[in-house]
Structures are given as structure tokens and as C-alpha cells.
Amino acid sequence: MEATGRTVLCACSAFCLLFILTEVSSELIHIDPSVSHITEGDSVFLSVKTNFSPDKADIQGTWFHTGMSGTNTRMLVTFTKTNEICNMKHCDQLVFNNSTFSLEIKNLNRKDEGDYHLSINIKYDNKPGDIEKEEKTVRVTVDVPVSNPAIEKSPSYAVIEDKANVTWTCSVENGTRVMFKWFRDNVALGPSDRYHYSQDNSTLLISPVRKEDKGSYHCVASNPVTRGQHSRAVELNVYYGPYNLEVNSVQGLRTGEVFTINPGELVFFECQADSNPPNSYVWISKTRNATQIVTEGPRLEVRSYRLAQAEEYLCRAFNNVTQKQDEAQFTLVVASLGTGKEKHTQEGSSVSPLAVITVCSFFVIGCMLLFFLRRTCHPKRVLMSIYNKPFSEQKRPHRSGHEDATEDFGIYEFVSIPGKTESTQASCRSLARLESIQDMHTTIYDVIRHVPETPSHSLLK
């Protein structure tokens, strides 16, 4: 099966190749079609290739020219294998090659463009009664190079958006089959609901004009034999606005449309809007049932000393040309915000004020607790409180081994014993439990270092 499939595939390929070769060989003559666009004044060479042997056949042919309209046809050259006859009106312009049947036309003008048609009759020597006819046609266009384009705008003055139309015209003194392209700020203009072009794009109508249409316009002209020629740039000035009105201040604290300032602080407010020509600004103060013009211009200065005061302000922008206006309202509140680094602006701080207050409060409380514990749990005071108690308050008598009171007098010294695991300062808990320890005197006796051998007389008293 595989061998049979390969055989069939090879047979199909051979058949296709044979068909292609048959089609190619059936074309007895071929004219190069790449000579379609010619510049006026240049020459064109209509090259002919033959797929038969002219030496073994009798040849008779004619070159014709038909204008672009298709009605005016004229004979240029009639030839045989050995002779040629040219049209007397065009002999100076034509150069015929009798061996290849090619034709050259020199110094072309606009009248020379159109269809060039070659018709050949072929009678082979080995086929005396068989005559074959072959015909080929090629179109030649003759174009005039494009000169620098000129651009015009109507009206020539600035226009108001949504109220006016603008017509652009691009023209050239020389050039044929000229195509135009429009650019604004060096960006090609595409189709738009407000852009209307003529058939060759030489005219552009913008209706109506909008803010985004302002800019620098120029056109580019070209044709098949000339690269783009650029016109000069013309500005389109459009009156528009005001748009995007807003009030800003680098001082105080802003929350939405509310500005909070410190008492006595001088604050500057800026009113800005996108407009052409620039707007005129009016600042208005709004009270309960009345309004008052504060100042004119884009800047407002405010200084207030009354705490908890809230005032309403309004910035109104007006364009004298477009007769349009816009307003921005805000509230001014006077409150103590602090000064310098302590004041938090709208951008905010990396640490909130509440967090700072909370941390400081915990720190103060901790210091107070530490100070209180240090004072109430001092080891010396605990020991003194134990020994200053009356004897009757003791839970039970203790035996120190010195029943004679005179033997208990002396100089006592508390020292640190090396090697002991206990801390040099007893904790409050351990010292408070000394009352319940059975051998308290014995423990204290361990820290006695210097006891006089004989109590002095003054001590005995």
C-alpha cells in the first residue's frame, strides 16, 4: 500500500509539472509589466521575451498605442522578420529592436500614457499552413512630479469650540494623481465623525471644532513618482474652557472639600482651570443667607482667629470669549493643628497621632508602676517593718540561743556572702515571708561579722 501511494503521488507531481510547463510554453511572448509608472520626460523600454525560435518562423507584428480613455488608438510600428515601418509622426520618439521585437519610447509626455499593445502572427517553417497569433498589452502611466504643497485655513483667525467649523485646503502647482495626507502635531489624522475629507484628501473639514483640535497642522502630497512633499505648518487656535476647575493650598489640613487651618495662620488658596484664553476669577464668601465678593484673581489670602469657625468660600472662573463659567466651593475651618513638624497636612504622617499618644501613655504608666514597686518593696524597709513590730505581734517566740538580752547588743553589718545563690536584694515576696521562718535569728546571725566581746557601758544603759 505504501509503495502504491508513493507511485500515485509521483504521478500527480509529474502531471502538475507537465501542466505548468505546458502553460509556460504556451505563452509565446512576454512583456515586463514593471514599467507602469514613468516620470514625464523620461524614457520607457518595453522588453519582449520570446518562447520560440524566430529564425525558424516567419514573423509579422504591430505595436499599437491606445490612450487612457480607450478611444484613441494609433499604430506605432509594423514589422516583419526583416523590415519595419514606423509611424512618421512618432519615428523620432521610437526605437524598435527587430531581433527581440522590443520597443523604446523616449521623452514621454502625458499624451504617451495608456495601453501599449503588441500583436504578432507566427508561421513556422515546418508548419506552412499553420499561423499562430499572440497578443500582449502593458499599461504605462506618465506622471508629473509633485511640487511643494501649500496649506490654507478658513477662517484664518482663532475659533470657538462647538460654535465654529474649520476648513483646511492643501494644493500643489505641479503634479498628477496627487494624494494628500493630513497631520496634527506630526501625528497622522485618521477617520473621525467630525473630520470630512474630499476624494483625494486635498480638503479637510472639521465640524464642529473642539478643544482637542488645537495644534500645528501640515499636509503631505505625493504621487507614484514622487515621495511625500511637506507643507509648512499652520497653527489652529481654539478658544475653550474653563475645564477641571479646582482649589488648592499647600497649607493647612485638607479633607475632601474642607480645609482646616490654625488660628491666626495666613493661608493662600489657588484657583486653577484649563482655559483658552485664561479665565477671570472671583472669590465669593458665603454666609447664612448672603454672598459677598472677597477679591478677584486666581489667589485668595485668608487669616482667621476665631476657633471652631467654619466659613464657606466659592471660586468662580469665567471665560470672556466662550462665555462659559465654572465654580468650585470649599469650607474653611479654624482649629488648633499645631505648628511646624507637629502639624499634619493632607498628605498624612507615617505615624498616626493616636498611636503616639497611646505609646506615651503606656510609657508613663510603666514608669510610675516601676517607681511604686521600688519604693514599696525595698529590702531595708521590709526588714525594718518586721523588727519594728511589738513583741506581742510576733506569732510565737523565737529561740536565738542567747536568752540574756545583754548578749544581743552589738554592731550588726549586712554583707553579701559569696557562693550564695540568692540575689543580693531580696524580693518583696521572700522578705514578706521572713516572719514565718522559724530560724530567723539564726539566719540573721549568719551575717553578723563584728560583735564586741563586751558590751559598752553606754549601750547597757
Apply the test side chain to side chain contact (heavy atoms under 4.5 Å, CB included) to residues Ile206 and Trp168: give CA-CA distance (whole Å), side-chain angles for both, the deciding distance (0.1 Å), then the verdict. CA-CA 8 Å; Ile206 305 177; Trp168 294 94; 3.7 Å; yes
Kindly determine whether Glu161 and Lys324 satisfy side chain to side chain contact (heavy atoms under 4.5 Å, CB included), including the steps that lead there. CA-CA 11 Å; Glu161 69 169 349; Lys324 294 181 181 180; 3.5 Å; yes
Side chain to side chain contact (heavy atoms under 4.5 Å, CB included), that's the test. Do Ile261 and Leu332 meet it? Break it down for me. CA-CA 8 Å; Ile261 63 173; Leu332 181 64; 3.8 Å; yes
Evaluate salt bridge (charged side-chain N to carboxylate O under 4.0 Å, His left out) for Asp112 paired with Arg74, printing each intermediate quantity in order. CA-CA 11 Å; Asp112 295 325; Arg74 56 181 177 171; 3.2 Å; yes
Just do the side chain to side chain contact (heavy atoms under 4.5 Å, CB included) check on Leu103 and Asn97 with the steps written out, would you? CA-CA 6 Å; Leu103 179 65; Asn97 189 326; over 6 Å; no
List the steps, then state whether salt bridge (charged side-chain N to carboxylate O under 4.0 Å, His left out) holds for Glu327 with Arg316. CA-CA 4 Å; Glu327 296 178 350; Arg316 178 177 296 162; 2.6 Å; yes
Dump the intermediate steps for salt bridge (charged side-chain N to carboxylate O under 4.0 Å, His left out) on Lys123 and Asp130, then the final yes or no. CA-CA 6 Å; Lys123 184 172 72 172; Asp130 189 7; over 6 Å; no
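With Thr226 contributing its side chain and Val146 its backbone, the two residues share a donor-acceptor pair below 3.5 Å. Checked by atom type and distance alone, the side chain of Gln93 pairs as donor or acceptor with a backbone atom of Lys106 at under 3.5 Å. The closest donor-acceptor contact from the side chain of Glu84 to the backbone of Phe79 lies at 3.5 Å or more, if one exists at all. Panel note: side chain Arg184, backbone Ser216; no donor-acceptor pair is recorded below 3.5 Å. Using a distance-only test at 3.5 Å, with no hydrogens or angles considered, a donor-acceptor pair links the side chain of Asn87 to the main chain of Lys89. Remark: the backbone N or O of Leu266 is paired with a side-chain donor or acceptor of Gln251 at under 3.5 angstrom. Put simply, the side chain of Thr203 never gets that close to the backbone of Ser198: no donor and acceptor are under 3.5 Å apart. With Thr322 contributing its side chain and Gly241 its backbone, the two residues share a donor-acceptor pair below 3.5 Å. Under a 3.5 Å cut-off, the side chain of Asn201 and the backbone N or O of Phe180 do form a donor-acceptor pair. At distances below 3.5 Å, at least one donor-acceptor pair connects side-chain atoms of Lys153 with backbone N or O atoms of Glu235.
For the side chain to side chain contact (heavy atoms under 4.5 Å, CB included) test, residues two or more places apart in sequence or in another chain that qualify with Arg299 are Phe268, Glu270. Every residue meeting the side chain to side chain contact (heavy atoms under 4.5 Å, CB included) condition with Thr176, not counting sequence neighbours, appears here in chain and number order: Arg110, Asp143, Val144, Asn223.
Thr66 is not listed as a side-chain neighbour of His117, based on a closest heavy-atom distance of 4.5 Å or more. Inter-residue side-chain proximity for Asn121 and Ile59 is flagged as unmet; no heavy-atom pair is nearer than 4.5 Å. Side-chain contact between His37 and Arg177 is absent, with no heavy atoms from C-beta onward closer than 4.5 Å. Looking only at side-chain heavy atoms (C-beta outward), Arg254 and Ser249 stay at 4.5 Å or farther from each other. The shortest side-chain heavy-atom distance between Pro208 and Asn165 falls under the 4.5 Å cut-off. Within the 4.5 Å cutoff, side-chain heavy atoms of Val140 are placed close to those of Leu46.
Separation of the Tyr313 and Phe259 ring centroids does not fall under the 6.0 Å cut-off.
A pairwise comparison of heavy atoms in Asn319 and Pro242 identifies CB-CD, 4.0 Å as the closest pair. Nearest heavy-atom pair across Leu245 and Ala328 is CD2-N, 3.6 Å. Ser202 approaches Trp182 most closely through the heavy-atom pair O-CZ2, 3.4 Å. Annotation for Leu236 and Asp213: closest pair CD2-O, 3.4 Å, computed over non-hydrogen atoms. Nearest approach of Tyr116 to His65, heavy atoms of both residues: CZ-CD2, 3.3 Å. Minimum heavy-atom separation, Ala310 to Thr331: CB-CG2, 4.3 Å.
Atoms OG1 and NZ, from Thr100 and Lys49 in turn, are 11.5 Å apart once rounded to the nearest 0.5 Å. Here the NZ-CG distance, from Lys111 to Asn109, works out to 7.0 Å after rounding to the nearest 0.5 Å. If you take CD1 on Ile284 and CG on Leu300, they are separated by 11.5 Å, rounding to the nearest 0.5 Å. To the nearest 0.5 Å, atoms SG (Cys315) and CG (Asn248) are separated by 10.5 Å. Interatomic distance, CG of Asp32 versus OG of Ser47, reported as 6.5 Å (0.5 Å rounding). Distance check: Lys133 NZ to Ile120 CD1 gives 11.5 Å after rounding to the nearest 0.5 Å.
Between the side chains of Gln329 and Glu257, no donor N or O sits under 3.5 Å from an acceptor N or O. Checked by atom type, the side-chain pair Asn237/Asn276 shows a donor-acceptor distance below 3.5 Å. Using modelled atom types, one finds no donor on one side chain facing an acceptor on the other under 3.5 Å when comparing Arg232 with Asn148.
Within a 6.0 Å radius of NZ in Lys181, other residues, nucleotides and ligands contribute 12 heavy atoms or fewer. The local environment of CD in Glu152 is sparse, with at most 12 non-hydrogen atoms from other residues, nucleotides or ligands closer than 6.0 Å. Around the CD atom of Glu173, the shell of radius 6.0 Å holds no more than 12 heavy atoms that belong to other residues, nucleotides or ligands.
Screening residues 229-250 for ring-ring contact (aromatic ring centres under 6.0 Å, His included) gives His218-His230 as the qualifying pairs, with residues at least two apart or on separate chains.
Ring orientation note: the planes of Phe52 and Phe101 are close to parallel, at an angle under 30° on the 30°/60° scale.
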